[in-house]
Amino acid sequence: MGNESSTVVDDSTPPSVLEARTLEGVATYIKERSVQRVVVMVGAGISTSAGIPDFRSPDTGIYSNLAHLDLTDPEDVFDISFFRENPRPFYALARELAPGQFRPTIAHSFIKLLYDKGLLMKHFSQNIDCLERLAGLPGDMIVEAHGSFATQHCIDCKAEYPEDRMKAAIAKGEVPYCLKCPGLVKPDIVFFGEALPADFFENRDLPGQADLCIVMGTSLTVQPFASLPGLVGEGVPRVLINMERVGGLGSRPDDVVVLGDCDTGVRKLARALGWGQDLEELWESTKPEEVQEQGPPRTREEKLQDEVDRLTEEVDRTLGISTAYEQRVRQHLDRQATDKAKAAGETEGVGGLGHVFPHLARASEER
Ligand code: OAD
């Protein structure tokens with residue numbers, strides 16, 4: 001795994017396959033051409049609205065918030081040579097990244113909906129949060145290109161390490177050692193300097209067979225994942241839904257670039273496809289049991305009020321007051337407040353990432 005910067009793009013050319021370079025144009029293409037081989041490629045940006053920070057966003061990204069770990073280069077935290085020398089920064093962070101405490105976003109549910117409708121060929125993810133699985137997408141539809149927290153091994157003798165011990169180590173922020181040799185244990189997530197899983201290379205030809213490609217929430221800076229959109233055939237539409245332009249997307253006549261948050265983008269595409277209701281229902285079903293609404297069945301008026309509230313939220317989103325943006329502003333303000341508190345000599349109970357991981361900040365307040 002390594003890094004690469006993006007190229008300059010030009011999306012002013014008229015489309016050749018699409019009727020328009022918009023999400024509505026993509027919806028028409030899907031319906032009229034009976035599209036059934038969609039490849040989706042995602043990164044950390046599809047999970048930010050769940051409360052998991054991405055890596056490279058200024059202010060809120062993990063890499064700009066690792067000052068307290070004393071690293072020369074923040075990416076060292078995921079570098080295998082650095083890990084051999086000093087595994088502590090990774091384990092300080094692992095507690096906050098480990099799956100189990102987050103709900104899938106509507107973008108995750110949209111990918112599941114593509115699968116339910118029989119359109120998904122393969123989902124390529126760089127994420128290690130397992131939220132696609134939690135959204136209901138079967139494991140064999142997902143290429144976890146950067147591995148996951150699901151298993152762990154010794155980095156020397158490669159022996160497996162028990163899951164319960166790993167969970168305990170991560171929860172305490174401790175470094176686990178192999179039970180068979182003095183080697184370090186690491187979750188099977190792919191670090192810089194390590195090869196991607198065989199599954200990635202075995203499925204790498206699929207983008208070339210796709211009839212539509214959707215890229216969301218990734219800076220496309222890390223290779224070889226970043227090369228995937230380029231493998232999609234010429235004349236096959238590629239859609240980018242992201243806060244910023246990345247990876248040269250927009251340079252082909254049938255590229256559609258939608259700048260903004262993924263949740264708003266997928267809602268818009270779902271509505272254009274006539275799937276708006278299906279998507280909301282599917283996402284609703286991902287609510288954890290304990291927060292499911294209790295009490296008597298809702299009356300027609302109450303349901304109507306819910307819908308009005310939902311639409312009001314939608315208008316807010318359309319006006320640009322997105323949840324993600326609001327969260328960013330909150331995090332930014334929290335950070336400023338924390339910095340002021342630090343300057344005043346107060347201690348910060350969550351290892352310097354409380355403003356990035358709001359659930360930890362809350363837990364620390366409650367203690
Ligand atoms: P990055 O943090 O590099 O990029 C996230 C992208 O998503 C950026 O372009 C953001 O602008 C965008 N973004 C953030 N929130 C968004 C939202 N709500 N809607 C739309 N776009 C949003 O994350 P990745 O591309 O996933 O490796 O990073 C690639 C790899 O680098 C990661 O897998 C990780 C890291 O080193 C490992 O952990 C092994």
Side-chain angles (χ1 to χ4, degrees), residues 1-6 40-66 71 73-80 82-83 89-90 93-94 96-99 104-108 110 124-132 143-149 186-197 200 214-229 239-249 257-269 317 320-329 331 356:
M1 185 166 96
N3 277 329
E4 189 176 89
S5 56
S6 55
V40 179
M41 299 159 188
V42 302
I46 69 160
S47 298
T48 51
S49 68
I52 307 174
D54 66 8
F55 294 90
R56 296 179 181 78
S57 282
D59 295 339
T60 56
I62 288 174
Y63 291 148
S64 61
N65 285 283
L66 293 180
L71 303 164
D73 177 355
E75 283 188 356
D76 281 349
V77 79
F78 293 112
D79 185 284
I80 191 65
F82 184 91
F83 180 82
F90 169 73
L93 189 62
E96 290 131 64
L97 287 181
T105 67
I106 197 133
H108 292 99
F110 179 77
F124 293 85
S125 178
Q126 296 166 94
N127 298 344
I128 51 179
D129 54 32
C130 298
L131 287 185
E132 304 68 2
V143 174
E144 285 170 333
H146 293 170
S148 83
F149 273 97
K186 177 179 90 50
D188 295 335
I189 59 180
V190 181
F191 276 29
F192 290 107
E194 288 191 305
L196 271 61
F200 175 82
I214 302 177
V215 180
M216 296 190 282
T218 173
S219 61
L220 287 179
T221 47
V222 176
Q223 291 291 4
F225 191 97
S227 66
L228 291 178
V239 180
L240 172 71
I241 306 176
N242 208 50
M243 290 295 194
E244 55 178 349
R245 238 173 227 285
V246 294
L249 283 144
V257 176
V258 180
L259 297 182
D261 78 87
C262 326
D263 293 345
T264 305
V266 298
R267 275 194 161 109
K268 196 171 174 198
L269 181 52
R317 249 191 303 277
I321 312 163
S322 73
T323 320
Y325 179 73
E326 188 184 323
Q327 199 181 344
R328 274 175 189 222
V329 174
Q331 286 169 348
V356 179

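Whatever order the structure lists ligands and atoms in, that order sets their numbers, starting from 1.
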K.L.:
For ligand 1, which atoms, with element, lie under 4.0 Å from some heavy atom of Thr48?
P.N.:
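The list of qualifying atoms is 15 (N), 16 (C), 17 (C), 18 (N).
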K.L.:
Arg56 heavy atoms, cut-off 4.0 Å: which ligand 1 atoms fall inside?
P.N.:
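Under 4.0 Å from Arg56, ligand 1 has these atoms: 1 (P), 2 (O), 3 (O), 28 (O), 29 (C), 30 (C), 31 (O), 35 (C), 36 (O).
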K.L.:
Below 4.0 Å from ligand 1: does a non-hydrogen atom of Phe192 turn up there or not?
P.N.:
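It does, in that a heavy atom of Phe192 comes within the 4.0 Å cut-off of ligand 1.
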K.L.:
Tell me the contacting part of Asp261 for ligand 1: side chain, backbone, both, or neither, using a 4.0 Å heavy-atom threshold, strictly below.
P.N.:
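Within the 4.0 Å criterion, Asp261 contacts ligand 1 through backbone and side-chain atoms alike.
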K.L.:
Any idea which atoms of ligand 1 are less than 4.0 Å away from a heavy-atom of Gly43?
P.N.:
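Near Gly43, meaning under 4.0 Å from one of its heavy atoms, ligand 1 has 26 (O).
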K.L.:
Counting heavy atoms only, which part of Ile46 comes closer than 4.0 Å to ligand 1: side chain, backbone, both or neither?
P.N.:
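Within the 4.0 Å criterion, Ile46 makes no contact with ligand 1.
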K.L.:
Could you check whether Glu75 pairs with Arg56 (Lys NZ or Arg NE/NH1/NH2 to Asp/Glu carboxylate O, under 4.0 Å)?
P.N.:
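A salt bridge links Glu75 with Arg56.
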K.L.:
Could you tell me whether the side chain of Asp188 and the main chain of Gly147 form a donor-acceptor pair under 3.5 Å?
P.N.:
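Checking the backbone N and O of Gly147 against the side chain of Asp188, no donor-acceptor pair under 3.5 Å is found.
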K.L.:
Could you check which of Ala226, Ala44, Pro58 puts a non-hydrogen atom nearest to atom 24 (P) of ligand 1?
P.N.:
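The nearest heavy atom belongs to Ala44.
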K.L.:
Okay, side chain of Asn65, backbone of Asp59: is any donor-acceptor separation there less than 3.5 Å?
P.N.:
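Answer holds: yes.
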K.L.:
Assess Ile189 for proximity to ligand 1: is some non-hydrogen atom of it under 4.0 Å away?
P.N.:
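False for this residue.
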K.L.:
Just let me know how Val222 lines up against ligand 1, side chain, backbone, both or neither, with a heavy-atom cut-off below 4.0 Å.
P.N.:
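It is the side chain that gets close, since no backbone atom is under 4.0 Å.
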K.L.:
Please report whether ligand 1 has a polar contact with Phe55, defined as an N or O pair separated by less than 3.5 Å (distance criterion only).
P.N.:
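N/O-N/O distance below 3.5 Å exists for this pair.
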K.L.:
Of all the heavy-atom pairs spanning Thr218 and Asn242, show the shortest one and how long it is.
P.N.:
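That would be N-OD1, 3.1 Å.
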K.L.:
Decide whether the shortest distance between a heavy atom of Ala107 and an atom of ligand 1 is less than 4.0 Å.
P.N.:
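In this structure, Ala107 fails to qualify as a contact of ligand 1 - no heavy atom is under 4.0 Å.
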K.L.:
Can you tell me how the ring of Phe149 sits relative to the ring of Phe90, calling it parallel under 30°, perpendicular over 60° and tilted otherwise?
P.N.:
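Ring orientation, 0 to 90° scale: parallel.
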K.L.:
Can you name the nearest heavy-atom pair linking Pro53 to Thr48, along with the distance?
P.N.:
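Nearest heavy atoms, Pro53 then Thr48: C-CG2, 4.2 Å.
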K.L.:
Is the shortest distance from a heavy atom of Ser49 to ligand 1 less than 4.0 Å?
P.N.:
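Judged by the 4.0 Å heavy-atom criterion, Ser49 does not count as contacting ligand 1.
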K.L.:
Quick check: Phe192 with Phe78 (ring centres under 6.0 Å apart)?
P.N.:
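No, the ring of Phe78 stays outside the 6.0 Å limit from the ring of Phe192, centre to centre.
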K.L.:
Determine whether the side chain, the backbone, both or neither of His146 has a heavy atom under 4.0 Å from any heavy atom of ligand 1.
P.N.:
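Side chain only.
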K.L.:
Taking the six-membered ring of Phe191, is NZ or CZ of Lys186 closer than 6.0 Å to its centre and within 45° of its axis?
P.N.:
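Here Lys186 passes the 6.0 Å and 45° test against Phe191.
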K.L.:
Within the 4.0 Å heavy-atom shell around Gly217, which atoms of ligand 1 are there?
P.N.:
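Every atom of ligand 1 under 4.0 Å from some heavy atom of Gly217: 5 (C), 6 (C), 7 (O), 21 (N).
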K.L.:
State whether the side chain of Asn127 and the backbone N or O of Gly43 hold a donor-acceptor pair below 3.5 Å, judged by distance alone.
P.N.:
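Checked: pair present.
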K.L.:
Is Val246 in polar range of ligand 1, meaning some N or O pair under 3.5 Å apart?
P.N.:
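In fact, backbone or side chain, Val246 has no N or O that close.
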K.L.:
Looking just at side-chain N and O atoms, do Ser47 and Asp129 make a donor-acceptor pair shorter than 3.5 Å?
P.N.:
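Checked: Ser47/Asp129 side chains pair up, N/O donor to acceptor below 3.5 Å.
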K.L.:
Which is closest to atom 3 (O) of ligand 1 in terms of heavy atoms, Ser219, Ala50, Cys262?
P.N.:
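Ranked by closest heavy atom to atom 3 (O) of ligand 1, first place is Ser219.
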K.L.:
For Thr221 and ligand 1, does the shortest N/O to N/O distance drop below 3.5 Å?
P.N.:
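Not met; the criterion fails.
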K.L.:
Counting only nitrogen or oxygen atoms and a 3.5 angstrom limit, does Ile241 reach ligand 1?
P.N.:
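No, Ile241 has no N/O under 3.5 Å of an N/O on ligand 1.
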K.L.:
Between Glu132 and Ser125, do the side chains contain a donor N or O and an acceptor N or O under 3.5 Å apart?
P.N.:
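Glu132 and Ser125 do have a side-chain donor-acceptor pair below 3.5 Å.
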K.L.:
Show me which atoms of ligand 1 lie under 4.0 Å from any heavy atom of Gly260.
P.N.:
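Within the 4.0 Å cut-off of Gly260, ligand 1 contributes 19 (N), 20 (C).
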K.L.:
Asn127 versus ligand 1: do any nitrogen or oxygen atoms come within less than 3.5 Å of each other?
P.N.:
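No, since none of the N or O atoms of Asn127 sits under 3.5 Å from an N or O of ligand 1.
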K.L.:
For Phe191, is the nearest heavy atom under 4.0 Å from an atom of ligand 1?
P.N.:
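It does not; every heavy atom stays at 4.0 Å or beyond.
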K.L.:
Give me the atom names and distance for the closest heavy-atom approach of Phe82 to Asp76.
P.N.:
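Heavy atoms of Phe82 and Asp76 come nearest at CD2-O, 3.4 Å.
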K.L.:
Quick check: closest heavy atoms across Cys262 and Ile46, and the distance to 0.1 Å?
P.N.:
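What the structure gives for the nearest pair is SG-CG2, 3.9 Å.
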K.L.:
Given Thr218, Leu93, Val190, Asp129, which one has a non-hydrogen atom that is nearest to atom 25 (O) of ligand 1?
P.N.:
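It is Thr218 whose heavy atom sits nearest to atom 25 (O) of ligand 1.
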K.L.:
Heavy atom to atom 14 (C) of ligand 1, shortest distance: which of Asp79, Leu240, Asp54, Val258 holds it?
P.N.:
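Nearest heavy atom to atom 14 (C) of ligand 1 lies in Asp54.
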K.L.:
For atom 13 (N) of ligand 1, which of Met243, Met41, Arg245 has the closest heavy atom?
P.N.:
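When every heavy atom of Met243, Met41, Arg245 is considered, Met243 comes closest to atom 13 (N) of ligand 1.
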K.L.:
Without swapping roles, check the side chain of Gln126 against the backbone of Val42 for a donor-acceptor pair under 3.5 Å.
P.N.:
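Present.
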